2 protein chains.
Amino acid sequence: MGVTISDVARLAGVGRGTVSRVLNERANVDPRTRSRVLEAIAALDFVPNPTARRLSLRRTQTIAVILPFLTRPSAVERLRGVEAALVRGGYDMIVFNVETVERREAVFRDLPRRERVDGLIIISLSPHETELERIGRIDLPVVLIDAHHRTLPRVVADDVLGGRLASRHLLALGHRRIGFIGDIPRIPLAFTSSRLRLTGVRREITAAGLTIPASLVAIGDHSPRRSTELATRMLTQRLPPTAIVCASDTQAAGALEAANALGMNVPGDLSVTGYDDIELADHLGLTTVRQPLFESGVRAVERLLGMIHGTPPGVLREVQPISLVVRRSTAPPSV
Amino acid sequence: MGVTISDVARLAGVGRGTVSRVLNERANVDPRTRSRVLEAIAALDFVPNPTARRLSLRRTQTIAVILPFLTRPSAVERLRGVEAALVRGGYDMIVFNVETVERREAVFRDLPRRERVDGLIIISLSPHETELERIGRIDLPVVLIDAHHRTLPRVVADDVLGGRLASRHLLALGHRRIGFIGDIPRIPLAFTSSRLRLTGVRREITAAGLTIPASLVAIGDHSPRRSTELATRMLTQRLPPTAIVCASDTQAAGALEAANALGMNVPGDLSVTGYDDIELADHLGLTTVRQPLFESGVRAVERLLGMIHGTPPGVLREVQPISLVVRRSTAPPSV
DNA sequence: CTCTGGTATGGAACCGGTTCCGATTGTAGC
DNA sequence: GCTACAATCGGAACCGGTTCCATACCAGAG
């Protein structure tokens with residue numbers, strides 16, 4: 001069925017080794033021989049079989065990406081960055097979407113084998129010690145994105161700072177009652193960014209000599225619908241906030257919806273901030289904390305490929321810049 | 001580095017062939033031999049090298065997914081379905097995101113080689129004849145999702161019907177001036193669904209004895225921002241529509257935003273319909289045409305794996321059911 | 001007891017590349 | 001003209017599986 005290197009060798013009247021040398025642009029091939037081989041390759045429309053190459057080279061030219069919730073725009077955006085950078089580097093990307101604990105276990109059990117992939121990128125999932133031990137044992141290069149572990153190279157943004165930026169902006173506008181809507185820090189799948197952002201908010205508010213009462217902190221799953229419920233409850237209590245910091249743009253969209261349904265004007269009656277600066281944020285005119293999502297994927301790949309090729313890993317924790325993007329969902333509180 | 005089948009054979013005191021027979025659960029292995037081999041496998045923690053297996057079997061256990069615009073929630077949702085079904089079937093998924101014409105050409109040039117993948121799923125991209133010819137030559141199983149081609153198996157929904165459903169609903173509510181906002185039918189990347197949906201809208205409106213003037217048809221790229229611009233222009237003209245059918249939920253969100261900015265009340269002053277029923281639609285209370293996105297991925301995989309295993313393909317064009325989901329963005333026009 | 005037929009199994013050949021080793025050829029130096 | 005060495009290249013060995021073939025063994029039939 002396929003044309004093999006032997007066919008090329010036969011047609012060019014050379015040995016298989018020579019064809020391989022031409023293919024891999026090795027030195028010590030006579031120019032005349034080289035061109036005969038190239039002609040034969042062209043004549044037969046030969047393309048080397050990648051599987052055979054992999055077996056021989058003991059390299060798969062493939063990296064795996066593990067991420068939870070392919071549903072989240074921010075995760076997808078990071079994945080886009082990973083994909084773009086991998087294609088540039090000539091690697092294939094195989095994707096594992098883990099939405100359940102069972103799936104997570106299965107993936108971490110089966111995947112990390114040197115024979116399957118050359119490296120691993122893990123997005124928004126912090127590996128357990130046992131998972132890590134398995135990876136370490138086979139000495140598989142790994143880079144984390146938006147996840148934490150003392151000993152693993154990672155690309156992250158400073159979520160605490162992000163929380164501070166959002167709340168600092170609101171405090172500067174004059175807000176004194178600031179609420180927070182964030183994700184459940186799901187134990188088995190372990191997200192921490194929402195929690196860290198809340199920490200940042202807390203710190204900033206404390207630094208301003210204020211506190212954030214428990215009634216103004218709402219935690220729920222990531223959907224805008226759930227966020228709308230939480231915001232509605234928060235806004236209809238006796239002492240509602242004048243501003244809400246949300247742990248994602250998606251949740252901010254939910255909060256906007258709640259305000260809207262309650263007949264409140266944003267930013268007149270309520271200020272709202274998001275996080276990520278996905279397309280939706282621009283569209284909704286959301287003030288948000290921008291983090292370089294696509295770029296985080298690109299950087300993770302660059303570092304991973306570096307590790308695969310033996311470059312020293314450099315600093316383990318690479319922190320990406322974040323910034324506040326002010327749009328029209330925030331304003332000074334009315335009175 | 002890794003434990004090989006020879007190590008197992010040596011430890012169990014058998015030949016490599018016998019180990020392979022045990023691994024593949026072939027008949028004709030003495031139960032005593034089998035258990036000796038299984039013990040050795042367990043003792044060495046042996047896992048067969050998939051690359052070697054692939055080379056030997058001439059099967060990659062991998063399928064490729066080509067899709068444009070990993071940015072669109074609807075595409076991502078289909079991809080989720082593909083991923084879930086492939087994992088169930090024991091296949092790896094490699095993803096190619098094509099956002100430019102160059103990339104499309106590169107992917108279609110390099111990818112379809114029997115040695116790389118066992119099958120191909122193409123989402124929202126209708127292959128050209130030349131691309132197809134290459135695929136046909138190597139006899140690679142392909143299934144399209146949300147894309148069209150006379151001779152290829154595909155999983156689609158009836159977009160014309162979808163357009164009709166949305167406009168029929170609006171007509172039934174009493175609307176007479178109905179606008180449409182859709183995608184550019186990008187020549188090189190060839191999306192057709194938006195165009196087909198417009199066709200459906202046209203037919204239904206014509207059937208009601210009305211027409212849809214050119215001033216009420218707006219075409220632009222897929223972003224909500226662009227859609228907001230188009231809707232704003234449409235709504236501020238001399239004879240604005242009382243309802244707008246949008247080719248996607250994303251664009252409908254843009255239209256809602258425009259209405260909002262113009263101080264118009266939805267559904268009081270303007271009805272809006274979307275398409276896809278992504279999470280956003282639920283959140284915005286958007287009346288929309290629901291199509292089974294996740295399920296389309298699942299079905300495509302089921303059919304592709306069937307083809308790979310030699311099941312007859314059955315009907316080429318599998319049409320998935322769609323339905324109108326009525327929420328609060330549509331109502332009778334205010335006189 | 002021999003013949004037959006089926007089962008179990010070792011091992012060679014194969015999948016399609018890469019790489020290493022050794023042989024051949026060519027050229028420079030003396 | 002002979003030696004030394006480098007450049008070139010063919011082909012074997014290897015990567016780690018699967019499968020086919022030949023053989024050994026065993027049981028039952030004649």
Side-chain angles (χ1 to χ4, degrees), chain A residues 1-41 44-62 90 92 110 113-118 138, chain B residues 1-41 44-62 90 92 110 113-118 138:
Chain A
M1 179 181 289
V3 178
T4 75
I5 204 169
S6 300
D7 300 326
V8 175
R10 202 172 315 122
L11 180 60
V14 301
R16 305 202 299 154
T18 303
V19 177
S20 178
R21 277 182 284 265
V22 171
L23 283 173
N24 295 287
E25 296 176 342
R26 288 259 173 312
N28 301 341
V29 177
D30 187 284
R32 291 194 310 275
T33 310
R34 150 173 271 107
S35 67
R36 272 220 319 287
V37 169
L38 291 176
E39 269 171 40
I41 289 176
L44 296 173
D45 192 20
F46 167 73
V47 182
N49 178 322
T51 303
R53 225 180 121 79
R54 283 167 194 190
L55 179 59
S56 183
L57 292 176
R58 320 178 83 174
R59 249 195 286 121
T60 61
Q61 286 289 308
T62 300
D92 282 347
D110 299 341
R113 312 215 103 104
R114 211 64 167 83
E115 306 85 19
R116 278 198 81 182
V117 293
D118 296 339
I138 57 165
Chain B
M1 178 180 289
V3 179
T4 74
I5 205 169
S6 299
D7 301 327
V8 175
R10 201 172 315 123
L11 180 61
V14 300
R16 307 202 297 155
T18 303
V19 177
S20 177
R21 278 182 283 264
V22 171
L23 282 173
N24 295 288
E25 295 175 340
R26 287 260 172 314
N28 300 344
V29 177
D30 187 285
R32 293 194 310 276
T33 310
R34 149 174 271 107
S35 66
R36 276 221 315 288
V37 169
L38 290 176
E39 271 171 40
I41 288 175
L44 296 172
D45 192 19
F46 167 73
V47 182
N49 179 322
T51 303
R53 216 156 175 269
R54 284 167 193 190
L55 179 60
S56 184
L57 292 175
R58 322 178 85 175
R59 246 195 288 121
T60 62
Q61 285 291 305
T62 300
D92 283 346
D110 300 341
R113 313 214 102 104
R114 211 63 169 83
E115 305 86 20
R116 279 198 78 182
V117 292
D118 296 340
I138 58 167

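These numbers come from a predicted model, not from an experiment. Here is the naming used below: chain letters follow the sequence lines, and residue numbers restart at 1 for every chain.
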Any donor-acceptor N/O pair under 3.5 Å between D:dG16 base and B:Thr4 side chain: no

A:Arg53 side-chain N/O to C:dT18 phosphate OP1/OP2 under 4.0 Å: yes

Flag side-chain contact, heavy atom, 4.5 Å: A:Asp92 against A:Gln61: no

Closest-nucleotide ordering on DNA chain C, the 5'-leading residue of B:Asp30 and B:Leu57: B:Asp30

B:Arg54 CZ to D:dT19 C1', straight-line distance once rounded to whole Å: 20 Å

Whole angstrom value for the distance that separates P of C:dG16 from CG of A:Leu44: 14 Å

Pair A:Arg21 + A:Asp30: basic N to acidic O under 4.0 Å: no

B:Arg10 CZ to C:dT9 C1', straight-line distance once rounded to whole Å: 18 Å

Atom-pair distance (CD on B:Glu25; P on D:dT18), nearest Å: 12 Å

Touch class at under 4.0 angstrom, heavy-atom based, for A:Ser6 against every strand present: nothing

Contact under 4.0 Å: A:Ser20 side-chain N or O vs C:dG17 OP1/OP2: no

Nearest-nucleotide comparison on DNA chain D, the residue closer to the 5′ end among A:Arg16 and A:Val29: A:Val29

Candidates C:dT9, D:dT8, C:dG16 - which lies nearest the side chain of A:Thr33: D:dT8

B:Val47 vs B:Ile41, side-chain contact (heavy atoms from CB on, under 4.5 Å): CA-CA, chis, key distance, verdict: CA-CA 8 Å; B:Val47 182; B:Ile41 288 175; over 6 Å; no

Flag, side chain of B:Asp7 to backbone of B:Val3, donor-acceptor distance under 3.5 Å: no

Polar side chain donor-acceptor pair, B:Arg54 to A:Asn49, under 3.5 angstrom: no

Whole angstrom value for the distance that separates C1' of C:dG16 from CZ of B:Arg116: 16 Å

Length of the line joining B:Arg59:CZ and D:dG17:C1', which is rounded to integer Å: 12 Å

5' precedence on DNA chain D between A:Ala27 and B:Phe46 (nearest-nucleotide basis): A:Ala27

d(CZ, A:Arg34; C1', D:dG10) in whole Å: 17 Å

d(CD, B:Gln61; C1', D:dT18) in whole Å: 14 Å

Residue mapping more 5' on DNA chain C - nearest nucleotide basis, B:Leu55 or B:Gly13: B:Gly13

Side chain A:Arg58 and base D:dG16 donor-acceptor under 3.5 Å: no

Distance test, side-chain N/O of B:Arg26 to OP1/OP2 of D:dT19, below 4.0 Å: yes

Under-4.0 Å side-chain N/O to phosphate OP1/OP2 contact, B:Asn28 with C:dA8: yes

Side-chain N or O of A:Arg21 closer than 4.0 Å to phosphate OP1/OP2 of D:dC9: no

Close side-chain approach of A:Phe46 to A:Leu23, heavy-atom, < 4.5 Å: yes

